[in-house]
Each structure stands twice: as C-alpha cells, then as structure tokens.
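First up is the structure itself, then whatever we jot down about it.
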There are 2 protein chains.
Amino acid sequence: MKIDFDGIQAFVAIAELGGFSKAAEQLHVTQTALTRRVQKLESYLGLRLLDRTTRYVELTVVGREFLPQARSIVSEMTNAVGRLKDMSRNAKGSLTIACIPTMASHALPAVMRRYTAAYPGNRIRIIDASAVEVRNAVLHGQAELGIGIPTERHPDLQETQMLEEPYMFFCREEHPLSRQKSITWADLREAELIVISGLSANRVFLDYQLARRGISIAGAYEVQHLSTAIGLVAAGVGTAILPSSTLEDGARPGLCRIPLIGPVIKRKITLLRRRNATLSPAASAFHALLIERE
Amino acid sequence: MKIDFDGIQAFVAIAELGGFSKAAEQLHVTQTALTRRVQKLESYLGLRLLDRTTRYVELTVVGREFLPQARSIVSEMTNAVGRLKDMSRNAKGSLTIACIPTMASHALPAVMRRYTAAYPGNRIRIIDASAVEVRNAVLHGQAELGIGIPTERHPDLQETQMLEEPYMFFCREEHPLSRQKSITWADLREAELIVISGLSANRVFLDYQLARRGISIAGAYEVQHLSTAIGLVAAGVGTAILPSSTLEDGARPGLCRIPLIGPVIKRKITLLRRRNATLSPAASAFHALLIERE
DNA sequence: CGGCTTTATTGCGATTTGCGCATTACTTGG
DNA sequence: CCAAGTAATGCGCAAATCGCAATAAAGCCG
C-alpha cells in the first residue's frame, strides 16, 4: 500500500489547531476530507493517533509520540517543495559559468549587471580559465554554461556563436608601425612578436587560419596568457597579435591597437552548453540574456 | 495542488538506481507508473529533475541539488511509518503504568515477567505512588494504566476490579494474639495499633467500612506508608492492620499475619484507565495480560 | 551503416482514490 | 432536556493512477 503524506499532513494540522474544522480551513479542504484522510492513515497504520469526540480532539499516546516526527516531515517537505517552486517561478538559484578571461572582463560584465538587476540574490560563480578548461568544465558539469572559442568538437557539447572579433596588432606608441591605420601580416617580419603558447586554443586557431593562407609568423617570446602578453608589450619587450577585446582602445595610455588586414582574421566567441542537459532556471535566464544581445 | 510524495520517492529511487526500470522493480510498480510520477512531479514543480534518454538517466543541476533533501524526506517518512507499523503489529513501544507499592511488588511482577517474555525490548516505567497519585497520573496522562484502590470517582476514569484482598492483623510472634487462628476487631482493644495516615486512601476506605459496622479503632502511632508500618511492627513498636499482600506469609521471620474476621473487610484492587483514551498497542497488550488472570 | 536491443514514453481503458454535499450522530453547556 | 457545535457517514461524481500494449528513440554490434 502507498505511503500517505496527505494523512500525515492532516494529522499535524489537526493536532496543532485542535480540531478538524480549523485544520480543514487551513488546508483548504472540507472537514469531511480530513476525517477520511485520518481514518485512512489510522487504518493503514493499524493504530489510533487521535482520540476524538464531537466535542474535542486529543492526541493518543502514540499520536503524541509521533507528532514531532510528523511535524518535521511535513515542514521538511513543504520547505523543499517551496524552494523548488521558487527556483522555477523566479529563476532563483545559484549558477556557475565558465568563461575565458578576456570575455570575463569584456562581454560578461554587462550581462551580469542586467542579470543581477533582474534576479537579485542569485549567486554567480565564474570559472575563468582557458578555452580548453572552459570546455571541460561544461562537459563535466562543473559549469552549466561556457563562453569560449571553438575547440575540439564533442557530441555532447552544443555551441552557439555569440560574436566574432578580429585579431589586432598591439604595440607601444613609439613603435615604428604605430602610426599606420592598418597593418598587413607581411608587415610583421621584424616585429619582435610575443606569442601565446601552442597549448592555447587561441594559438591553435590562429596558426590554422594563417597556415591555410600560407602565412607564417615567428615569435620571439612565448607566454601563456593574453594578459601577460599585453603586460610585456606595455613594458616595451615587443609587440603582439591578440584578439581585439584583449584591450579596449585607449584603455592603457601609451599602447596602440591597430587592425590587421590582408586578410582580417577573426576568432569566434561561442556559448557552450551540454547537449541534452536541462539548464536550471537560473542558468536558463542567464542564457536568455546572453543570446538576446546576439 | 497536492504535494506528491510518490513522485519524490520515485525520483529518489530512479536517481539512486540509475534507471526507471530498476526503480520500478524496487518499488513494486511498473516502469510506466514511474514515468508518470516523475512527469507529474516535474510539471508540478515547473522544472526538470532528470535528463533522460532511452539509454541513460542523469540528474539535472536542480535534481542534483534536490536529491539529498529528497532522500532525507523519503527516509524519514519511511522510518517513521515503519516504526508506527511495528508498534501496531508487534505492540512495540514503551509503556508507563502507575501502581500502588504493595501491588507493585505483589501482583505486578508476574505480569511483567510474562509481558517481557512476550514483547521483549519494550521499556516499562512504573510510577509507584499512593492511590491518589496513581489516580492522578492516569487522569493526566502520565500513565496509561493504573493499579490502585477505589478513590473519588471521575467521569473520565474507567475502573475495573482486579482482585480483592482482606485486611489482616500483623504482629510479632511473641505478641499475645499471635497464636490465634483468627482475630476479631473486638480483640484489638489494647493492641497498640500503628495506623496509616488519614490522608491515605487505604485509611479512608477502612474507616468508612468500619464506621458502617459501628466499629472504631484507635491508633497509638500513625505513619504514611504500609512498608513503614511493617517495619515498626517488626521492630516491636506495635501491631498493625494492613492489607494481606503487604507481607507474604513467612516472608519475614518473627512476624505473623493473622486473618481478621467478624467481619472480614476486603479492599478492592482496581485497574484504572482513562475513558475514551485509546491505549497504545504496548499498553493494550499489558492490559490484556492484567485482566486475563482476572 | 542498418538491424537489434534496451529503455523511456504514449494512448487507452479500467479501476481506484479522493472529494464535496447533505445528512446524521453524538457530546456538552445552558 | 434542548440547542449549538463538531465529527462521522451515505452517496454520487470527478479525477488521478495504474497497467497493458504499442511506439519512439538511442546506442551496440556485426
């Protein structure tokens, strides 16, 4: 036979309010229904929980013993379900998103501001890591959403392109090339390039695109992170080819950002999520904000 | 809408066994039923708890968060109901009984032995107190059963007579009356009686019975408890009129117990319980043993 | 790559459960 | 002894739930 939550809830309400009628009102059912629920529960258990006359209701010894447990069951249940409905109705809940560092400081902040305004109280955890780590975080469920650049395909991963950004040339103002409106790849012969490590998805992508066009570049220095590269450029060590969003125009005095053409090469920023994995309402709302602006 | 325990139970089983079919087997329903339960729960909550294909079942983010709570709800419920059914089926549970001291050491022990043999593990708490206290303990629900002597009637109290025992005369062997086979009340003129306090139900009853018959006795000493009276008799202070069960024949060397006749006056031992108060199965079983032997 | 196996879902009919209304039964206070 | 208040019951209806059979979908393996 099936376990009867209604009966227990009825029992608790009756015991606490001291009567069937009052309990019925609170539970929004008729008193008849409560009578039946209690009868069913008692007959299922094989013992009486309430001694009742038409005049008063009183707990039996067993009922008195059971009441605290019953109360706890009911409240635990009610709370849990309430929380879930709240998550569903108001997209409440915390949210983890993985993101490559450039985007974390470029595209994300605006969305985060709008999200927090719309759903205050939701905790957001950002895993800022390399594109490969972003991919894995999404794949293994550590993050519900990921923002990165295309990497190795995986059948369980679903990618949506969000935006594209060109690679640009970064140098100091006193650099010989800094006055040009645009620069071609051929101009980079002796540019003392700081390049990103071959383990980076950025580098893999860039190499692939250049190789397709028969272009090759040589790096004098190699680092792991874009931010380090920018730092070295600023320090006068050399120049670098980096995604445009690595640094906003004029964000750092003394540094120039110059379009690279012939050809223009762009990297795609993609939004990652696991295929067949339902997003939590909180993540779903964030997802909506992300794709709404493209 | 109504809270759905079945759905949660299904969810937990599926999550833990990793599939609808296995869970269905454990819950003794068809797999179809589980599909429906989960669907109903999810649509009620407005969110998905399980991502499932025909090949595997996996928790969603929300489901993963909810699982521990759900598990705790289910196990708490299952345990609580299990305990209650155990109480009902096997008369498990603890039991409190109030009893006047003489009966606690006279009639009770045999019943307790049989009870413990039949229902091992049940804790028995005995409130050994005066007849008035026994009455109140039962009346106020501190004890489910009471063994005492008739006191003031109360509409909520139900009394069943268990046995009767005569008052007898107690003295030391060297006492002049100790050789008689029986003693009449008239013989007690100069017996140096130790009597029980007038607050005792015993005394009230005895006085009433004697007065009805125009007999009066005078006490030289007065104590509260029967056991104290016996002690004083043994110490040679005087003699006493006490219920026969106060001391078994020969239980204390040097003391005599002699029938009092002309007339024989007996006190009734009654079993008390609250009217309209259902006994716990444990108490009910004890009650059955008590009245079975009359 | 196409059939095969496995597993969840759906359509449908039958049964059961649960509810509310109206009425009854019972207790108690005046 | 009557009146008021409260729980229980008879009855009929509505909805939920289930099981069976058929269907759909996803990976496995030859």
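Proteins come first, then strands; the chains are lettered A, B, ... in the order of their sequence lines, and each starts at number 1. Here the structure is a predicted model, which means the values were calculated and not measured.
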Test your reading of the model: is there a side-chain donor-acceptor pair from [X] to the backbone of [Y], 3.5 Å cut-off?
| X | Y | value |
| --- | --- | --- |
| A:E144 | A:S280 | yes |
| A:S72 | A:P68 | no |
| A:D51 | B:T278 | yes |
| B:D4 | B:D6 | yes |
| B:N122 | B:G93 | yes |
| A:Q9 | A:L27 | no |

A:E25 atom CD, over 12 foreign heavy atoms within 6.0 Å
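No, not enclosed.
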More than 12 heavy atoms of other residues, nucleotides or ligands under 6.0 Å from CZ of A:R275: is that the case?
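Yes, the 6.0 Å shell around CZ holds more than 12 heavy atoms from other groups.
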Provide, to the nearest angstrom, the distance between the CD atom belonging to B:Q9 and the C1' atom belonging to D:dT17.
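To the nearest whole Å, that distance equals 15 Å.
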Between atom CZ in A:F5 and atom C1' in D:dT17, what is the gap in whole Å?
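In whole Å, D:dT17 C1' and A:F5 CZ are 19 Å from each other.
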Starting from the first five and the last five pairs of the helix from C:dC1-D:dG30 to C:dG30-D:dC1, work out the angle between the resulting helix axes, to 10 degrees.
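Computed angle between terminal axes is 30°.
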Readout for nucleotides 20-30 of chain D: B = base within 4.0 Å of protein heavy atom, S = sugar-phosphate only, - = neither; 5' to 3' it is BB---BSS---
Which of residues 12-27 of chain A have a heavy atom under 4.0 Å from DNA chain C?
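Correct list: empty, so none.
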Tell me, please, the opening and closing nucleotides of DNA chain C, 5' to 3', among those with an atom under 4.0 angstrom from a non-hydrogen atom of chain A.
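Terminal contacting nucleotides, 5' to 3': C:dG18 to C:dT28.
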Under 3.5 Å, which donor-acceptor pairs link side chains of residues 124-140 of chain B to any protein atom two or more places apart or in another chain?
residue, atom, partner, partner atom, Å
B:S130, OG, B:E133, N, 3.3
B:S130, OG, B:E133, OE1, 3.2
B:E133, OE1, B:S130, N, 3.1
B:R135, NE, B:T151, OG1, 3.4
B:R135, NE, B:E152, O, 2.9
B:R135, NH2, B:E152, O, 3.3
B:H140, ND1, B:N136, O, 3.2

Can you pull out every ring-ring contact (aromatic ring centres under 6.0 Å, His included) where at least one residue sits in residues 15-45 of chain A? Sequence neighbours excluded, please.
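Those involving residues 15-45 of chain A do not exist here.
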Do the side-chain N and O atoms of B:Q69 and A:R83 include a donor-acceptor pair separated by under 3.5 angstrom?
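Checked: B:Q69/A:R83 side chains pair up, N/O donor to acceptor below 3.5 Å.
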Is it true that the side chains of A:R267 and A:T102 contain a donor and an acceptor less than 3.5 Å apart?
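Result is yes, a qualifying pair exists.
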State yes or no: are the ring centers of A:F66 and A:F11 separated by less than 6.0 Å?
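Centroid separation for A:F66 and A:F11: below 6.0 Å.
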